[in-house]
Amino acid sequence: MSKERFEDLRNQLDEVNLELLNVLNKRAKLVEEIGTLKSGKGTERFDPIREKEMLDKVVAANEGPFSNETVAHLFKQVFQASLVLQEEEKKHLLISRKTQKQDTIVEIGNLRVGGEQPIIIAGPCSVETVDQMEKTAAGIRAEGVTFLRGGAYKPRTSPYDFQGLGVEGLKILSETAKRHGMVCVSEIVAPEDVEMACEYIDVIQIGARNMQNFELLKAAGEVRKPILLKRGLSATIEELLYAAEYIASRGNSQIILCERGIRTYEKATRNTLDISAVPILKQESHLPVVVDVSHSTGRKDIMFPIAKAALAVGADGLIIETHCEPSVALSDAKQQLDLHQFAKIMGELKSSGYIKEEALVK
Ligand code: PEP
Ligand code: MN
């Protein structure tokens with residue numbers, strides 16, 4: 001072959017490459033347009049039947065020299081690339097920073113979660129008795145904390161363990177909070193209970209074990225109460241964000257995300273606190289993020305450094321399980337602080353400057 005012919009063929013190849021590029025991008029634009037139309041109608045973007053039809057047509061038209069298998073493989077790659085392009089859809093999530101630049105501030109009574117000052121949520125693992133709630137709330141309130149927690153529906157590992165007082169527990173929690181000028185949060189586990197719970201509590205908690213209970217997420221999206229959404233035991237950050245999107249997509253944008261530790265092989269702590277999740281969540285989403293220092297560590301002895309670490313990386317608040325008499329608590333007895341220990345950690349957070357005196361209510 002002459003040198004000229006060789007050069008000519010190479011030049012032709014360069015031209016065909018550019019033509020291919022143009023045609024591929026033309027196709028991508030068409031796919032994008034179809035994707036926009038589909039999302040308007042709420043139709044799934046990936047359509048395997050349509051993809052099979054397209055592949056069959058292309059293979060039937062193939063005259064070689066590529067084999068049908070090679071042609072099918074190449075086109076499959078092109079289809080795949082178009083789907084990846086549609087992943088860009090993520091930037092349009094309602095809970096994404098790309099959709100809303102400024103931080104969402106969730107207002108609960110006088111409290112502003114996601115505002116200038118971090119908030120503290122404290123209270124027992126479970127609501128047990130009127131007396132237990134009264135003593136615990138009084139102790140917490142004396143430290144200037146006005147956000148009370150207490151579980152009434154307890155998703156326990158064993159069915160033989162204390163399951164919570166149910167609606168009676170919600171009533172006790174609500175009445176205690178009101179008596180002390182506090183707001184309250186409690187976990188709801190059944191979609192049909194969400195609306196009922198709104199009568200009693202200020203914030204609905206969706207617990208780790210229910211982070212991907214999609215019917216519960218949808219029910220939480222239908223009400224106009226703030227939702228505290230905890231990260232699942234083995235959920236990725238992306239899955240937590242999509243769970244929050246379920247709620248937001250139904251019109252409830254008052255969502256607080258909670259990092260509460262994930263399950264790893266480490267046994268020194270109850271769960272492994274994924275501290276990097278905090279700044280990542282704050283970067284990816286405009287929603288406030290709190291850290292549960294109790295369920296993540298399961299240990300009182302490291303709670304103060306962990307609380308400091310959480311606030312240092314930008315958490316908007318902390319959850320600290322506190323009980324007037326932890327040794328007789330019906331759940332999570334080991335990890336709950338007593339009122340003395342709670343006062344101590346609050347004092348330490350204040351003196352180290354993480355919690356400002358003016359952010360507390362006297
Ligand atoms: C709780 O906060 O009471 C609780 C059960 O936590 P988690 O869902 O994070 O395990
Ligand atoms: Mn607990």
Side-chain angles (χ1 to χ4, degrees), residues 1-103 212 214 231 234-246 248-249 257 262 274-287 289 313-314:
M1 192 196 295
S2 71
K3 197 164 179 287
E4 287 77 28
R5 178 68 184 141
F6 185 70
E7 276 308 312
D8 179 44
L9 287 174
R10 275 193 151 176
N11 287 338
Q12 282 189 49
L13 207 54
D14 284 342
E15 264 172 46
V16 172
N17 282 343
L18 291 180
E19 276 171 36
L20 255 179
L21 175 69
N22 278 335
V23 174
L24 281 173
N25 279 328
K26 189 174 163 191
R27 185 184 189 284
K29 282 187 186 131
L30 289 171
V31 171
E32 271 183 332
E33 206 173 315
I34 292 171
T36 314
L37 285 176
K38 274 191 180 177
S39 63
K41 285 197 242 154
T43 324
E44 191 58 51
R45 290 196 170 186
F46 175 60
D47 182 346
I49 296 171
R50 168 75 183 135
E51 196 174 299
K52 170 93 175 49
E53 266 172 26
M54 288 195 293
L55 267 186
D56 288 348
K57 266 190 204 165
V58 172
V59 168
N62 180 36
E63 289 175 356
F66 280 134
S67 71
N68 286 350
E69 287 72 27
T70 305
V71 166
H73 179 72
L74 286 172
F75 272 84
K76 190 82 194 152
Q77 294 297 312
V78 172
F79 298 167
Q80 198 69 39
S82 308
L83 265 185
V84 170
L85 199 65
Q86 293 185 12
E87 278 278 291
E88 289 288 303
E89 160 209 21
K90 268 191 208 155
K91 69 176 171 231
H92 301 305
L93 288 187
L94 294 167
I95 52 107
S96 167
R97 250 313 154 202
K98 289 182 180 121
T99 307
Q100 181 187 311
K101 291 259 175 301
Q102 75 275 22
D103 290 341
Q212 282 189 321
F214 297 112
R231 181 177 181 181
S234 304
T236 63
I237 291 173
E238 186 182 39
E239 285 163 342
L240 171 60
L241 289 170
Y242 271 112
E245 184 71 9
Y246 259 89
S249 68
L257 302 173
I262 48 175
D274 181 7
I275 199 77
S276 51
V278 179
I280 293 173
L281 288 169
K282 301 275 310 173
Q283 243 172 57
E284 300 267 316
S285 167
H286 48 81
L287 298 174
V289 180
V313 292

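- Between Lys26 and Asn22, the closest side-chain pair of non-hydrogen atoms is not below 4.5 Å.
- Within the model, atoms OG of Ser285 and CG of Asp103 stand 9.0 Å from one another, a figure rounded to the nearest 0.5 Å.
- Between Ser249 atom OG and Leu93 atom CG the span is 9.5 Å, to the nearest 0.5 Å.
- Using a cutoff of 4.0 Å between basic side-chain nitrogens and carboxylate oxygens, Glu53 and Arg50 are scored as salt-bridged.
- Considering only residues two or more places apart in sequence or on other chains, Lys76 meets the side chain to side chain contact (heavy atoms under 4.5 Å, CB included) condition with Glu51, Leu55.
- Residue-environment remark: CD (Glu33) stays at or below the threshold of 12 foreign heavy atoms within 6.0 Å.
- Within a 6.0 Å radius of CZ in Phe214, other residues, nucleotides and ligands contribute more than 12 heavy atoms.
- By the 4.0 Å N-to-carboxylate-O rule, Asp14 lies too far from Arg10 to be salt-bridged with it.
- When all heavy atoms of Arg97 and Gln283 are compared, the pair lying nearest together is CG-O, 2.8 Å.
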Going through the checks in order, is the side-chain contact (heavy atoms from CB on, under 4.5 Å) test met by Leu21 and Asn25?
CA-CA 6 Å; Leu21 175 69; Asn25 279 328; 3.7 Å; yes
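- Judged by distance alone, with hydrogens and angles left aside, the side-chain atoms of Gln212 form no donor-acceptor pair with the main-chain N or O of Ala243 at under 3.5 Å.
- Between Leu241 and Leu257 there is a side-chain heavy-atom pair separated by less than 4.5 Å.
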For the pair Asp274 and Ile237, evaluate side-chain contact (heavy atoms from CB on, under 4.5 Å) and give the outcome as yes or no after the intermediate values.
CA-CA 10 Å; Asp274 181 7; Ile237 291 173; 4.2 Å; yes
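- Rounding to the nearest 0.5 Å gives a distance of 11.0 Å between CD1 of Ile262 and CG of Leu240.
- Contacts of Arg27 classified as side chain to side chain contact (heavy atoms under 4.5 Å, CB included), with partners at least two apart in sequence or in another chain: Val31, Met54, Val78, Phe79, Ser82.
- Residues Ala248 and Ile95 approach most closely at CB-CG2, 3.7 Å, considering heavy atoms.
- Nearest approach of Ala235 to Glu239, heavy atoms of both residues: CA-OE1, 3.3 Å.
- Using a 4.0 Å cut-off between charged nitrogen and carboxylate oxygen, Lys3 and Asp8 do not count as a salt-bridge pair.
- Nearest heavy atoms, Gly314 versus Val278: C-CG1, 4.0 Å.
- Nearest approach of Gln100 to Gln102, heavy atoms of both residues: NE2-O, 2.8 Å.
- A heavy-atom distance below 4.5 Å is not found between the side chains of Leu281 and Arg231.
- A distance-only check finds a donor-acceptor pair linking the side chain of His286 to the backbone of Leu94 [under 3.5 Å].
- Counting heavy atoms of neighbouring residues, nucleotides and ligands inside a 6.0 Å radius, atom CD1 of Ile49 does not exceed 12 of them.
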